[in-house]
Amino acid sequence: MRAPLLAALAAAALLATAPARAAPDNFDQVERGRYLVTLGDCVACHMSTSGNHQGSQGFVGGRPIETPFGNIVTPNITPDRATGIGTWSADSFYRAMHEGIRPNGARLYPAFPYNYFTRMPREDTDAIFAYLNTLEPVSNAVDRNSLPFPLNIRASMLAWNALFFEPGEFRPDPNRSAEWNRGAYLVEGPGHCGACHTPKNLAGADRDSRRFAGGPLQGWFATNLTGDERTGLGAWSADEIVEYLQKGRNARSAASGPMAEVVEYSTSAMTEPDLRAIAAYLKAPPTAAPVAPARTALAADNPQMRTGEAIYVDRCGACHTRSGEGVARMFPRLAGSQVVQQEGSETLLRVVLQGVRAAYSPHAPTSPAMPAFGWRLNDDETAAVTTYIRNAWGNAAPPVSAADAARMRDTLRDRP
Ligand code: HEC
Ligand code: HEC
Ligand code: HEC
C-alpha cells in the first residue's frame with residue numbers, strides 16, 4: 001500500500017513542476033482515480049462557473065451549491081499550491097474525504113457529501129488524490145464563506161457531525177452477492193445517491209427512516225427510489241434502471257435537472273457491470289422501505305380536472321399522446337409515470353413552466369426538448385394541467401394549487 005502511495009506522491013510532485021506531462025509511473029492508480037472521480041461525480045460540483053468541465057476546468061471550483069441554508073461555493077481541487085490542494089498530503093486528503101475536516105482543522109459543510117465519501121477505503125481516496133495531482137494546477141481563489149451567521153462559523157459543524165455523522169468505511173455484507181455489495185458501495189459511497197434521494201430533516205441531514213423516499217431538492221423533486229410500485233422503482237426492471245442511468249432515459253422516464261447532470265458527468269460513464277450492480281442493490285435494499293402514503297385519484301368531474309384535461313388535449317397531447325402513453329424514448333409517458341406521481345410537484349411545475357431538455361449522454365446523443373409553457377399558461381391553468389396529469393389514466397397524486405405554481409414561477413425567476 002505504502003510503496004505505490006510514495007510513488008504517487010513522487011510522480012505528483014514531479015508532474016506539478018513539469019509543464020509537459022509524461023505518463024506517470026503510477027498509471028494504474030491514476031486511472032483508477034480517474035474512474036472514481038466519475039463515480040463520485042466530482043466535476044458536477046467542482047467545475048468552473050463558466051460550465052467548462054474539460055480537464056482541470058472540471059475541478060477549479062466556484063460553482064455555488066444550493067442548500068436550504070444558503071449557497072456554498074465549491075473550492076478549487078486542482079493541485080494549485082495557493083488556491084487548490086497542491087500542498088495537501090494524501091493523509092490530509094483522506095481526512096477531508098473521510099471525516100470532512102480540512103488540513104487546518106476546519107470543518108467542511110455536508111454540501112460536500114463526505115457523509116457518503118467516508119465509505120471509501122483509503123486506497124480509493126489515494127487513487128483520487130493521485131489522479132487530481134496529474135491535473136494542470138489552476139489558480140482560482142473562491143469565496144469559501146457564503147453562508148449566513150451562525151452557519152458561517154464552521155465550528156457549528158462540530159455539533160452537526162456529532163448528531164448526524166458517523167465516519168466509517170464500507171463493510172460488505174457476507175450474506176449478499178459480490179454484485180449486490182458492489183452496488184451497495186457505489187450507491188452508499190462515491191455515488192452518494194441518498195444525498196439527493198433521501199429527504200432531509202430541519203438540520204439538512206438525511207432522515208434515515210425515510211431512506212430513498214424522495215424529497216424536494218433545489219427547486220426539483222428527487223424521486224422515490226424505493227420499491228414502491230406507484231412512485232418508486234417497484235415496476236422498473238434492472239435493465240430499465242441500467243438504461244436510464246446510462247442514457248438518461250428509458251421507455252418510462254427521462255432525466256432532467258440535477259439528475260441530468262448526474263447522468264452526464266457520472267452514470268453515463270460508469271461501466272455496465274457497475275450500473276448492473278447499482279440496479280441489483282436498488283432492487284433489493286438492505287432495510288425495509290418506508291411506506292408511501294396511499295392515494296386515490298381526483299374524480300374526473302372535479303373542476304380542476306376538467307380544466308386541466310382541456311388544456312392537456314390542446315397543449316400536451318400532440319407529444320405525450322391523448323392517452324398519456326407518450327412515444328418511447330422520445331416523449332416520456334405520463335400515464336403510470338413515477339415522476340408525475342411524486343408527493344411533491346416541484347419537478348412537474350418546473351418542467352411545464354420552463355420546459356426541459358433531456359440529459360446529454362454519449363449513449364443517446366440527440367436530446368429531444370420540451371417547450372416552456374410559462375408564458376402561455378397562467379398559474380391556475382398550470383396548476384390544473386399538472387393536477388390533471390397527476391390524476392388521469394390511473395395516476396393518483398396530491399393536487400397542485402395556483403399558489404404552488406406561483407411559488408415555482410418566483411423560484412425560477414431567481415434561477416436561470
Ligand atoms: C454535491 C456537490 C459535491 C460533490 C459531488 C463533490 N464535492 Fe467536493 N466539495 C463540495 C463543496 C460544497 C465543498 C466545500 C465545503 C465547505 O466549504 O465546507 C467541497 C469540498 C471539497 C474538498 C475540500 C477542499 C478544501 O479546500 O477545503 C475536497 C478535497 C473535495 N471537495 C473533493 C471532492 C472529490 C474528490 C469529489 C468526488 C469524489 C467531490 N469533492 C465531490 C461539493 C461537492
Ligand atoms: C444531485 C442530486 C442527485 C443525485 C446525486 C442522484 N440523483 Fe437520481 N434523481 C435526482 C432528481 C432530481 C431526479 C428526478 C429527475 C426527473 O424528474 O427528471 C432523479 C431521478 C432518478 C431516477 C429516475 C426515477 C424515476 O422514477 O423517474 C433514478 C433511477 C435515479 N435518479 C437514480 C439515481 C442513482 C442510482 C443515483 C446515484 C448513483 C442518483 N440517482 C443520484 C437527483 C439526484
Ligand atoms: C413538443 C413536444 C412536447 C409538448 C407539446 C409537451 N411536452 Fe412534455 N416533454 C416533452 C419532451 C421531449 C420531454 C422530455 C424532456 C427530457 O428528456 O427531459 C417532456 C417531458 C415532460 C415531463 C417530464 C416527464 C419525466 O418523466 O421526466 C412532463 C411531466 C411533461 N413533459 C408534461 C407536459 C405537459 C403537462 C405538457 C402540456 C402543458 C407538455 N408536457 C407538452 C415534449 C413535449
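Start at 1 with the first residue, then count along the sequence. Each ligand, and each atom within it, is numbered from 1 in the order the structure gives.
Distance check for His320 against atom 8 (Fe) of ligand 3: an N/O/S atom falls below 2.8 Å.
Taking the six-membered ring where the residue is Trp, Tyr94 and His98 present parallel rings, their angle staying beneath 30° rather than reaching 60°. A perpendicular orientation is assigned to the rings of Trp393 and Tyr312, their planes being inclined by more than 60° (bins at 30° and 60°).
Between His192 and ligand 1, no pair of N/O atoms sits closer than 3.5 Å. Considering backbone and side-chain atoms alike, Ala254 places an N or O below 3.5 Å from some N or O of ligand 2. Any N or O atom pair closer than 3.5 Å counts here, and Asn224 shares no such pair with ligand 2.
To the nearest 0.5 Å, atoms OG1 (Thr118) and NE2 (His192) are separated by 14.5 Å.
By heavy-atom distance, the residue among Ser253, Gly215, Gly183 lying nearest atom 27 (O) of ligand 2 is Ser253. Counting only non-hydrogen atoms, the option in Thr267, Ile65, Thr347, Val356 that gets closest to atom 17 (O) of ligand 2 is Thr347. Nearest residue to atom 16 (C) of ligand 2 from Gly219, Ser256, Ala260 is Ser256 (criterion: closest heavy atom).
Aromatic ring centroids of Phe117 and Phe112 lie under 6.0 Å apart.
Of the protein's non-hydrogen atoms, Gln338 CB, 3.1 Å is the one closest to atom 26 (O) of ligand 2. Of all protein heavy atoms, the one lying nearest to atom 22 (C) of ligand 2 is Tyr244 CE2, 3.3 Å. Distance from atom 14 (C) of ligand 2 to its nearest protein heavy atom, with residue and atom name: Phe221 O, 3.6 Å. Of all protein heavy atoms, the one lying nearest to atom 25 (C) of ligand 2 is Trp236 CZ2, 3.4 Å.
The closest approach between any non-hydrogen atom of Met97 and ligand 1 is below 4.0 Å. The shortest heavy-atom distance from Leu217 to ligand 2 is under 4.0 Å.
Contact atoms of ligand 1 toward Ile128: 35 (C) (distance under 4.0 Å to a heavy atom of the residue).
Taking distances strictly below 2.8 Å, the protein N/O/S atoms close to atom 8 (Fe) of ligand 2 are His197 NE2, Met259 SD.
Note on atom 8 (Fe) of ligand 1: protein N, O or S atoms under 2.8 Å away count 1, no waters included.
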